[in-house]
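For reference, the structure discussed in these notes is given below.
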Protein chains: 2
Amino acid sequence: MVTKQLAGSHDEADLTRADSLAREIFSDVANKWAFLIIEALGERTLRFSALRNEVDGISHKMLTQNLRILERNGLVERTVYPTVPPRVEYTLTEPGQGLREAVSGMCAWTQRYLAHIESARRDFDAGSAAM
Amino acid sequence: MVTKQLAGSHDEADLTRADSLAREIFSDVANKWAFLIIEALGERTLRFSALRNEVDGISHKMLTQNLRILERNGLVERTVYPTVPPRVEYTLTEPGQGLREAVSGMCAWTQRYLAHIESARRDFDAGSAAM
DNA sequence: CCGAATCCACAACGATACTG
DNA sequence: CAGTATCGTTGTGGATTCGG
């Protein structure tokens, strides 16, 4: 699936539509900031500013932007308390939690191969520099 | 980890270094094309042009670029056969396979929530359009 | 406190053309 | 066939400012 799929089903135009939708979702979700936001949220409910502190290095703009996208896809829930000053909380929905598990898988993978990757990079960079 | 970590270890400067490295890896790997390439490769060995056919919509340039990055991180192995015309094959290394499993997790997640997400989007877009 | 909009530098991307 | 370089366009992301 997603790339070319194994065509286990019946129709074809139908699958390619699902495929292009899957691509869109990937575009929305498969980026550094979305991942970090999802990991930061975890099972907690956080305010905008708290979230901004957790995901460090993220700009105000990027945070809002990515949160909007996640919200649009139904992965985070946005709750506005009409107090003054305003107060907005974000929390992962159930599909969002599902994604978080996948993301956690990637995080675990990163941890596991950290050293391996680091040395692969050194080798590669050393090889490129040889001229 | 990756974002702020739970500080289960001893030192601190050490962890933040690992953390920033993890970030770098995320930047390299957490993007649409890298994911699609990894899924397309799977357990097979593919030539450049074959890979290009599998990951459809990808440009020549993007493919080389992402392959270089993956190679640099030791996730794909690049084998050049010095024939004429040249022939270059790509295959996932063991760490690459590990990443692929995580990516597959995301693909499975996508499939699972496809309909859910689609309707969440409709709701969101309908809400935004209300003015 | 949160979000939207503006401005702007610069990175990403696609198309093309050229090399081995 | 595979890779690199260049160019022009589009997009991304930060800083700032204004508004609720």
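Both backbone and side-chain heavy atoms feed into the values below; hydrogens, waters and symmetry mates do not. Each chain gets a letter, A, B and so on, in the order its sequence line appears, and its residues count up from 1.
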The side chain of [X] is closest to which nucleotide in this list: [options]?
X	options	value
B:Val88	C:dC1, C:dG3, D:dA2	D:dA2
B:Phe48	D:dC1, D:dG14, D:dG3	D:dG3
A:Pro86	C:dC1, D:dC1, C:dG3	C:dC1
B:Arg68	C:dC2, C:dG3, D:dT4	D:dT4
A:Ser49	D:dG3, C:dG3, C:dC1	C:dC1

Is B:Ile69 reachable from B:Val80 through a run of hydrophobic residues whose side-chain heavy atoms are each under 4.5 Å from the next?
no
Tell me the interatomic distance from [X], atom [atom1], to [N], atom [atom2], rounded to whole angstroms.
X	N	atom1	atom2	answer
A:Met62	D:dT12	CE	P	9 Å
B:Asn31	D:dG11	CG	P	18 Å
B:Arg47	D:dG3	CZ	P	10 Å
B:Leu63	C:dA15	CG	P	14 Å
B:Gln65	C:dA12	CD	C1'	8 Å
B:Asn66	D:dG3	CG	C1'	15 Å
A:Lys61	D:dT12	NZ	C1'	7 Å
B:Ile69	D:dT4	CD1	P	12 Å

Under the side chain to side chain contact (heavy atoms under 4.5 Å, CB included) test, which residues partner B:Arg72, sequence neighbours left out?
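Checked B:Arg72 against side chain to side chain contact (heavy atoms under 4.5 Å, CB included); matches are A:Arg121, A:Phe124, A:Asp125.
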First encountered from the 5' end of DNA chain D, between B:Glu89 and A:His60
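Its nucleotide being nearer the 5' end, the pick is B:Glu89.
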May I have the step-by-step check of side chain to side chain contact (heavy atoms under 4.5 Å, CB included) for B:Thr91 and B:Arg44, ending in yes or no?
CA-CA 6 Å; B:Thr91 188; B:Arg44 300 178 290 177; over 6 Å; no
Is B:Arg100 paired with B:Glu43 through a side-chain N to carboxylate O contact shorter than 4.0 Å?
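Looking at B:Glu43 and B:Arg100, the cut-off is met.
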Could you walk me through whether A:Arg68 and A:Asp28 satisfy the salt bridge (charged side-chain N to carboxylate O under 4.0 Å, His left out) test, starting with their C-alpha distance in whole Å, then the side-chain angles of each, then the deciding distance to 0.1 Å, before giving a yes or no?
CA-CA 10 Å; A:Arg68 282 295 158 283; A:Asp28 280 1; over 6 Å; no
Terminal axes of the helix from C:dC1-D:dG20 to C:dG20-D:dC1 (five pairs each): angle between them, nearest 10 degrees
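Comparing the first five pairs with the last five, the axes sit 40° apart.
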Between atom CG of A:Leu63 and atom CD1 of A:Ile37, what is the distance when rounded to the nearest 0.5 Å?
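Taking CG in A:Leu63 and CD1 in A:Ile37, the distance rounds to 5.0 Å.
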Closer than 4.0 Å, any side-chain N/O of A:Tyr90 to the OP1 or OP2 of C:dG3?
yes
Would you please confirm or rule out a distance under 4.0 Å between OP1 or OP2 of D:dG3 and any side-chain N or O of B:Arg78?
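Yes, B:Arg78 has a side-chain N/O under 4.0 Å of OP1/OP2 on D:dG3.
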Using a 4.0 Å heavy-atom cut-off across all strands, classify B:Tyr81 as base, sugar-phosphate, or nothing.
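Touches nothing.
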So does A:Ile58 get a backbone contact from the side chain of A:Arg52, meaning a donor-acceptor N/O pair under 3.5 Å?
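Such a contact is found between A:Arg52 side chain and A:Ile58 backbone.
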